[in-house]
Amino acid sequence: EGLKGVILETYGAGNAPTGSWFMDRIKKALERGIFVLDVTQCSRGSVEMGLYETSRKLLNAGVISGYDITTEAATAKLMILLGQNLEDKEVKMLLNKSLKGEITLP
């Protein structure tokens, strides 16, 4: 109740389990209007949604790429954006845009 956003720390280029138990929960969260942001747990590199089949499933479900943003920066950014009562499409657009140098876009 009240959850507005989730940050997934995934493997390498944004890969995660694709079991139905996991994907069903992701899809239900997205259907409820919860933003799901995919960040890599690696100290270097970037999420490249769709590069591999596992991240392609997340992308197709509606998960947002965090590119090379750190988990800490993603947390702060998501908190700030969600606190401004912006429209969903604007939040998605701003999550995929570098606002203060927090991500390096391809």
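Count residues from 1 along the sequence.
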What are the two closest non-hydrogen atoms of [X] and [Y], and how far apart are they?
X	Y	answer
V39	A74	CG1-CB, 3.9 Å
L30	I34	CD2-O, 3.5 Å
K77	L99	CE-CD1, 3.8 Å
L95	I103	O-CD1, 4.1 Å
G50	R56	O-NH2, 3.1 Å
A29	V36	CB-CG2, 4.4 Å

* Checking side chain to side chain contact (heavy atoms under 4.5 Å, CB included) for the pair I26/L8: CA distance, chi angles, key distance, verdict? -> CA-CA 10 Å; I26 295 294; L8 293 178; 3.9 Å; yes
* Asked: Got more than 12 heavy atoms from elsewhere within 6.0 Å of CD, E53?
  -> yes
Distance (rounded to the nearest 0.5 Å) between [X] [atom1] and [Y] [atom2]:
X	Y	atom1	atom2	value
Y52	L58	OH	CG	14.5 Å
R25	S20	CZ	OG	9.0 Å
T40	Y67	OG1	OH	14.5 Å
K57	M23	NZ	CE	7.5 Å
L51	L59	CG	CG	11.5 Å
L78	F35	CG	CZ	8.0 Å

* To do: Take S55 and N15, measure what side chain to side chain contact (heavy atoms under 4.5 Å, CB included) needs, and give me the verdict at the end.
  => CA-CA 5 Å; S55 66; N15 301 300; 3.8 Å; yes
* Donor-acceptor contact present, side-chain N96 to main-chain S65, <3.5 Å -> yes
* Are E31 and K28 within salt-bridge range, i.e. N to O under 4.0 Å? -> no
With a 4.5 Å cut-off on side-chain heavy-atom distances among I, L, V, M, F, W and Y, is there a chain of contacts connecting [X] to [Y]?
X	Y	answer
L86	L3	no
M49	M93	no
V91	V63	no
M79	L94	no
Y11	V47	no

